[in-house]
Each structure stands twice: as structure tokens, then as C-alpha cells.
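Worksheet: one structure, shown below.
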There are 2 protein chains.
Amino acid sequence: MTQQELVAWLREWGVRVTPQRLAIAEAVLNSTDHPSVQQIYERVRDHFPSMTLATIYSTLGVLEKSGLIQELPFAKQSRYESNLEPHVNLVCVECGNVVDTELGQEAVLRLKSLISQESNFDVAWQRVDFHGWCRRCAANRAPEASPA
Amino acid sequence: MTQQELVAWLREWGVRVTPQRLAIAEAVLNSTDHPSVQQIYERVRDHFPSMTLATIYSTLGVLEKSGLIQELPFAKQSRYESNLEPHVNLVCVECGNVVDTELGQEAVLRLKSLISQESNFDVAWQRVDFHGWCRRCAANRAPEASPA
DNA sequence: TTTACTGCAAAGGGTTTGCATGAGG
DNA sequence: CCTCATGCAAACCCTTTGCAGTAAA
């Protein structure tokens, strides 16, 4: 999504376009690591040293209502997702990293169709998280039962 | 799961079995509505008027580490799940209710196999939430564009 | 010019922690 | 008996709110 498209999208929703909002939106949209509010704050601070967390929370709420991003609540804090297509997230229980995977995208899409058609539930969106150990953390853990 | 099995399970994990812990565990295990900490508190208070939230938080942590329940973080507060089998949760964005559905269980299971086998990610568990409107809330909303 | 956003500070609320007492094994 | 759980209170921290000044349209 170009900045021009982003501006048009926001105007479409009757939302005022400010430099802060553009910076926050782009920080999320141009990321794949599902940043937390703190991470967004750090990434935007260079250009807007006076920006506070309140503005970020406010803007993220606006962006979510406009259908640009999705909040992903976790136990400690929320993260923010820019990939709204049905897909699978891999969540490492060790390092906390969250990455999208292309594996199973079709399956999630079919699952969404199934739920939409076969249930009395009006589906808006979905979140599919697989929790476990990423390759790096799996390697550091349990050194294959090596003898002493 | 009988209370006897529950006690055995906890002992297996080297966890002390107290009346409070049994009450909290059963409040979650015998429920299907994914209760919040507050709801568990209210359900247990009759039998343990002096119990505090700190005990509930502590116990829920123990139960999760023992593999009996799973925390489901939401934006406002966490809920707790006793159905650890791969399945789909339906989350109403209006009333906040969360229910399990049997629809798509097979699909989630296959999806788990796919991720486990085709990725470098060591899967432990999964959470599949579909967000939208439950039948009741869908009915109250948008009265089918009826003319005035 | 009007309306709504930003920045700041304070409050809110779910969750965690420290410690003395009490109960489990 | 010794260790760990409970209950109580205070602390924590993420998030929200209220308000005065300021920028978007």
C-alpha cells in the first residue's frame, strides 16, 4: 500500500490525516514482526520526539476501526498485525517472536468458509496462532540429550 | 475428568492439592464458557468466602503449567480454556461470549499436522478464534434494512 | 473558522509480588 | 516438621481518559 493509497483510505473513513498517524500506520503496515505499542513508539520516536504513547494508542484504535490493522492481544501486551488475509501466525513461547507463515493459508480460508456457511455465527475475521518453539529457540533448548 | 483423576494429575506434577485448588480447577474444567478470573472468583466464592484473586491467579498459573488448562488472552482480560483438543472458538465481538464449536475440528487437526511437518517450528499448542456476531447479537443488529 | 488531533498528566484496572500466617505431605 | 499455599495489601504496568493548546480541512 502506497502512502497515497493510505491517505485516500483514511480520508474515505472521515479520519484526519496527520503526519503522526501516517508514521504510525506505516510503522505497522511496513513491518512483518507484529510490533507492540512500545516497538512502534521506538520506531516513530526518531521522527516525532514529542509523541506520546497516548497518541499511539489512539491512532492504533483509529486504524483498527478503519480496517487497516488488527490488534492481537497477548498476555503481557498487545501486538499489531497488518496482514488481514486469513493465515497462520507462529508464536514462539521462548523469545516471543511472532511471524506469519504461508503454510496452511488455503486451509484457513476453507475453514473460514466452513464456519461461515455451516454455523449460525456471522464471521468477521479470524486469528490462528500456533504456539511453540521457533527453530533458534528449539536448538538452544534440550541439546539432544547429550551425555556429560 | 473425575476429582480423583484430577488429584492424581496434580500430584504427578508435584503440586500440592488444596481444597481451593480443586475448586478453581473444577470451576474451569466443568465449564464451557471460557470463564474469566472474575467469573471463576464468583463461582468459587460461595465455598471459599475468604479466597482472594491472588490465589486464583496463582492457581491458574499452576494449572496451566500442569497442562490442564490454557490461558486465552483477550484485550480486556484473559479467559481460561479447558478444551485442549484442537478446535475452533467462536468469539462474539458484541456480547463477548466465547464458545467452542465442533465445526472444523478435523481441519484444525490437519492444519496442526501440516505446520508441524512442513515448518521448522516445533508446535506445542494452537489457538483458533473466529471473531464475529453470534446468532443473538446478529439478530439485534442491522434489522435487515427495513424501510421506515 | 470549525472540528478534531496531539501531548501531557493523572487515573483506571487487570495482574503480580512480598510477606506473615496456616495447611499439606 | 518442613515446605509450600493462602490471604492480604501494596506495587506494577499497560492502557485509557480529561483537558488545554494546536493543526487539519
Side-chain angles (χ1 to χ4, degrees), chain A residues 3-4 6-25 27-28 34-42 44-66 68-80 96, chain B residues 3-4 6-25 27-28 34-42 44-66 68-80 96:
Chain A
Q3 176 164 316
Q4 192 176 350
L6 174 56
V7 171
W9 185 285
L10 292 175
R11 290 235 165 85
E12 191 72 22
W13 280 82
V15 170
R16 277 198 191 165
V17 177
T18 68
Q20 292 93 330
R21 284 184 170 172
L22 289 178
I24 294 167
V28 179
H34 311 74
S36 65
V37 168
Q38 276 297 331
Q39 289 172 319
I40 296 167
Y41 182 48
E42 289 158 13
V44 163
R45 197 157 42 178
D46 294 344
H47 289 280
F48 299 89
S50 62
M51 194 188 295
T52 62
L53 289 174
T55 297
I56 297 184
Y57 279 107
S58 161
T59 296
L60 291 172
V62 168
L63 297 176
E64 186 177 10
K65 286 202 192 75
S66 307
L68 280 169
I69 64 173
Q70 193 59 60
E71 179 181 5
L72 301 182
F74 282 93
K76 304 294 180 187
Q77 88 282 45
S78 281
R79 288 166 165 268
Y80 291 84
Chain B
Q3 176 164 315
Q4 193 177 350
L6 174 56
V7 171
W9 184 286
L10 292 174
R11 287 217 216 285
E12 191 72 23
W13 279 83
V15 169
R16 278 199 190 161
V17 177
T18 69
Q20 290 93 332
R21 282 183 171 171
L22 289 178
I24 295 167
V28 180
H34 312 73
S36 66
V37 167
Q38 276 296 334
Q39 289 173 317
I40 296 166
Y41 182 48
E42 289 158 11
V44 161
R45 198 159 39 180
D46 295 342
H47 289 282
F48 299 89
S50 63
M51 194 188 296
T52 62
L53 289 174
T55 297
I56 297 183
Y57 279 107
S58 161
T59 296
L60 290 171
V62 168
L63 297 176
E64 185 177 10
K65 285 200 193 76
S66 307
L68 279 169
I69 65 172
Q70 194 60 59
E71 179 182 4
L72 300 182
F74 282 92
K76 303 295 179 188
Q77 88 282 45
S78 283
R79 288 167 165 267
Y80 292 84

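Residue numbering restarts at 1 for every chain, and letters A, B, ... go by the order of the sequence lines.
- Using a 4.0 Å heavy-atom cutoff across all strands shown, A:Thr55 reaches at least one base atom of the nucleic acid.
- Rounded to a whole Å, the CG atom of A:Leu53 is 14 Å from the P atom of C:dT6.
- Closest approach of B:Val44 and B:Ala23 over heavy atoms only: CG2-O, 3.9 Å.
- Among the atoms of the strands shown, only primed sugar atoms or phosphate atoms (P, OP1, OP2) are found under 4.0 Å from some heavy atom of A:Pro19.
- Atom CZ of B:Arg79 is separated from atom P of C:dT15 by 12 Å (rounded to the nearest Å).
- Between the CG atom of A:Leu10 and the C1' atom of C:dC5 there is a distance of 13 Å, given to the nearest Å.
- In terms of heavy atoms, B:Leu63 sits closest to B:Ala25 at CD1-CA, 3.7 Å.
- On the nucleic acid side, DNA chain D contacts chain B at distances under 4.0 Å to non-hydrogen atoms, with the end points of that region at D:dT3 to D:dA9.
- If you find the closest nucleotide of DNA chain C to A:Ile24 and to B:Val17, the one lying nearer the 5' end belongs to A:Ile24.
- Side-chain N/O atoms of B:Arg11 include one lying less than 4.0 angstrom from OP1 or OP2 on C:dG25.
- For the helix from C:dT1-D:dA25 to C:dG25-D:dC1, the terminal axes (five pairs an end, C1' atoms, rotation from four pairs onto the next four) enclose an angle of 50°, given to 10 degrees.
- Of all non-hydrogen atoms in A:Tyr80 and A:Ile40, the two that sit nearest each other are CD1-CD1, 4.3 Å.
- Rounded to whole Å, the distance from CD on B:Gln38 to P on C:dG13 is 12 Å.
- For the pair B:Lys76 and B:Phe48, nearest-nucleotide mapping onto DNA chain D gives the more 5' position to B:Phe48.
- When the P atom of C:dT15 is taken as reference, atom CD1 of B:Ile40 falls 10 Å away, rounded to whole Å.
- One finds no side-chain N or O of B:Arg16 lying less than 4.0 angstrom from the OP1 or OP2 phosphate oxygen of C:dA23.
- Distance alone, capped at 3.5 Å, is enough to place a donor-acceptor pair between the A:Gln39 side chain and the A:Ser36 backbone.
- A side-chain donor-acceptor contact under 3.5 Å links A:Arg21 to the backbone of A:Arg16.
- Remark: the backbone N or O of A:Ser66 is paired with a side-chain donor or acceptor of A:Trp9 at under 3.5 angstrom.
- When each of A:Ala75 and A:Thr18 is assigned the nucleotide of DNA chain C with its nearest heavy atom, A:Thr18 is the one assigned upstream, toward the 5' end.
- Listed candidates were C:dT16, C:dC8, C:dT6. Nearest to the side chain of A:Thr52 is C:dC8.
- For B:Phe74 and C:dT15, the CZ to C1' distance is 17 Å, given to the nearest whole Å.
- Contact of the A:Leu6 side chain with the A:Val17 side chain is not registered, since no non-hydrogen atoms from C-beta on lie closer than 4.5 Å.
- Taking atom OH of residue B:Tyr41 and atom P of nucleotide C:dG13, one finds them 16 Å apart after rounding to whole Å.
- Closest approach of A:Tyr41 and A:Met51 over heavy atoms only: CE1-O, 3.3 Å.
- Each of A:Leu60, A:Val62, A:Val37 was evaluated against A:Ile24; a single residue qualifies, A:Leu60, per the side-chain contact (heavy atoms from CB on, under 4.5 Å) test.
- B:Glu71 and B:Ser78 are linked by a side-chain donor-acceptor pair at a separation below 3.5 angstrom, with hydrogens and angles left out of the test.
- One atom, CE of A:Met51, and another, C1' of C:dC5, lie 11 Å apart when rounded to the nearest Å.
- Note on A:Ser50: a side-chain N or O is less than 4.0 Å away from OP1 or OP2 of C:dG7.
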